[in-house]
Novice: 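Submitted below is the structure of interest, expressed as structure tokens.
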Amino acid sequence: MMTDIFATRVNPDRPSALSGLFINDTDPSAVSFAAGSPNESLFPVAAMKRAFSDAIDDKGPHLFQYQSVAGNDSLRAKLAARIGKWGNVHTTAANILLTVGGQQAIDLVAKAVLNPGDDIVVETPAYVGALAAFDIYEPNYHAVGLEPDGLDLNALEDTLKRHPGIKLLYTVPDFHNPTGITMSVTKREALVNLANKYDFIIIEDSPYRDLDYVASPLPAIKSFDTQGRVVFISSMSKILMPELRTGWLVADGELFDAIFKMRQAADLEACGVIHAAIDAYMTHNDLDAHVTVLKDHYKRQCAAMITGLEDYFPDEVTFTRPTGGFFDWVTLPEGIDAGKLLLSDIQPHAHINYVPATNFYPYRDVHNGMRLCFSGLTPAVIDDGMHRLGDAVKSALHDVEALK
Ligand SMILES: Cc1ncc(COP(=O)(O)O)c(C=O)c1O
């Protein structure tokens, strides 16, 4: 068997957390709340086309030469200024590494820190892409739940006391994927204090932080970091276009050097042409003005989803009220498996799709939730889809009652 040759990290018995998330429903009435993609009708295609052309005119053949591992200096300086302004993280280009999406940044930190069997904490539910990245390094997961103001720090401290070897904690503090929850400022500071006390590294993954619909973004967890323990990660995927495959991280000291070494070995450097184009875009266009347009659209879509949850869903169901980002999380009564319900009933009959809770838990042991994404749909489609989903959930709960 060929698989005998594979490294244990391939683990053919465990499919990637990223596989099988979306059902392709070709019915004309189908509404998908599943994919967490940005709305492509809002992509600044013409401005980006000009930016590519400007970058080529500006640099000539040199643009297509090997570039530095950390990536375009000018873009890194612009990103340093942005995170200083919006996140209160005062850093310079020297501490920023451009990566192939935020996804590569997560992978590189995991690669730099984890040996097989090492203890890590993930907030649950957790971003599936992070689970897919961590799985490769064969960690021992500890799941810590979320409260309405972010990670449950009491549960975290209990876990840290019981497992003093924990090395790494992964969190999405701003408009969390998949729940839309945002961590309070108090918890951000307290989390760094715990990292200092219990000696672990924090991955602060924040691709949605610019997409706030109610108030300005909060200071980053990284802004409280005095010991170089926090790696801040963000991305151009949600505020420009995902296929630019441009993410970035901020790290300090030895940790930056370790991540840099992983990056150099992985791909030498990547996407230099794209980074030059993004830099030209940011020079000739107002990125913040573009983000304001995005926020105006997504805010209305978010409001339509919350109204749909209020109007069409039964009282036994609870849901989050995101103030930014792309996602809402619905919790069904205990004992209801949202994955089975999707396959047996909701997708074939109501033609609605969502991502069931199970995918967001490292041990796939929680089933009664669903992630709903509103970013790709108009408010009218959201209203229609939520009406049909709400009715389907009501009748499923009614059937369960009838079986008792
Ligand atoms: C929380 C989170 N982190 C990271 C990513 C990776 O995004 P990208 O690699 O496109 O930057 C995503 C994408 O959906 C995400 O939701």
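Note that ligands are numbered from 1 as they come in the structure, with each ligand's atoms numbered from 1 the same way. Only a predicted model underlies this, so the values are computations on that prediction, with no experimental measurement involved.
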Novice: Could a heavy atom of Gly247 be found less than 4.0 Å from some atom of ligand 1?
Specialist: no

Novice: Under 4.0 Å, heavy atoms only, figure out whether ligand 1 is touched by the backbone of Pro242, its side chain, both or neither.
Specialist: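 It is neither part, as no heavy atom is under 4.0 Å.
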
Novice: Tell me, which protein residue and heavy-atom name are nearest atom 3 (N) of ligand 1, and how many Å apart are they?
Specialist: Asp205 OD2, 2.5 Å

Novice: Hey, are Lys222 and Asp252 close enough for a salt bridge, meaning a charged N less than 4.0 Å from a carboxylate O?
Specialist: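 Yes, Lys222 and Asp252 are salt-bridged.
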
Novice: Under 4.0 Å from a heavy atom of Val172: give me the atoms of ligand 1 that qualify, with their elements.
Specialist: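 Every atom of ligand 1 under 4.0 Å from some heavy atom of Val172: 1 (C).
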
Novice: Quick one: do the Gln301 and Tyr213 side chains pair a donor with an acceptor below 3.5 Å?
Specialist: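 No, Tyr213 and Gln301 have no side-chain donor paired with an acceptor closer than 3.5 Å.
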
Novice: Less than 4.0 angstrom from a charged side-chain N to a carboxylate O is my criterion; do Lys85 and Asp288 meet it?
Specialist: yes

Novice: Is the side chain of Arg371 donor-acceptor paired with the backbone N or O of Val355 at a distance under 3.5 Å, no angle test?
Specialist: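 No; zero donor-acceptor contacts below 3.5 Å.
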
Novice: Give the residue and atom name of whichever protein heavy atom lies nearest to atom 10 (O) of ligand 1, and the separation in Å to one decimal.
Specialist: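 That would be Ser237 OG, 2.6 Å.
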
Novice: Should the proximity of Arg245 to ligand 1, defined as any heavy atom under 4.0 Å, be assigned to the side chain, the backbone, both, or neither?
Specialist: side chain

Novice: Would you compute the distance between atom CG of Asp225 and atom CD of Glu204 and round it to the nearest 0.5 angstrom?
Specialist: 9.5 Å

Novice: Between Ser235 and ligand 1, is there a nitrogen or oxygen pair with a distance under 3.5 Å?
Specialist: yes

Novice: Just to verify, which of Asn177, Asn39, Leu372, Leu211 counts as forming a side chain to side chain contact (heavy atoms under 4.5 Å, CB included) with Phe326?
Specialist: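 Among Asn177, Asn39, Leu372, Leu211, the one meeting side chain to side chain contact (heavy atoms under 4.5 Å, CB included) with Phe326 is Leu211.
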
Novice: My understanding is that only one of Trp86, Trp248, Phe256, Phe224 makes a ring pair (Phe, Tyr, Trp, His ring centres under 6.0 Å) with Phe232; could you say which?
Specialist: Trp248

Novice: Does some non-hydrogen atom of Phe326 fall short of 4.0 Å from ligand 1?
Specialist: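 Contact check Phe326 vs ligand 1: negative.
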
Novice: Rounded to the nearest 0.5 Å, how far apart are CD of Glu138 and CD1 of Ile136?
Specialist: 8.5 Å

Novice: Let me have the donor-acceptor pairs involving side chains of residues 190-197, under 3.5 Å, with sequence neighbours excluded, atom names and distances please.
Specialist:
residue: Asn196; atom: OD1; partner: Arg229; partner atom: NE; Å: 3.2
residue: Lys197; atom: NZ; partner: Glu157; partner atom: OE2; Å: 3.1

Novice: Nearest protein heavy atom to atom 6 (C) of ligand 1, by residue and atom, and its distance?
Specialist: Tyr127 OH, 3.4 Å

Novice: Quick test of your reading of the structure: of His176, Met236, Lys238, Gln103, whose heavy atom lies closest to atom 13 (C) of ligand 1?
Specialist: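 Going through His176, Met236, Lys238, Gln103 one by one, Lys238 has the nearest heavy atom to atom 13 (C) of ligand 1.
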
Novice: I need the nearest protein heavy-atom contact for atom 16 (O) of ligand 1: residue, atom name and distance, please.
Specialist: Tyr208 OH, 2.6 Å

Novice: Counting only heavy atoms, which portion of Gln104 has something under 4.0 Å from ligand 1: side chain, backbone, both, or neither?
Specialist: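 Neither part.
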
Novice: Any N or O on Gly102 sitting closer than 3.5 Å to an N or O of ligand 1?
Specialist: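 Yes, there is a polar N/O contact under 3.5 Å.
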
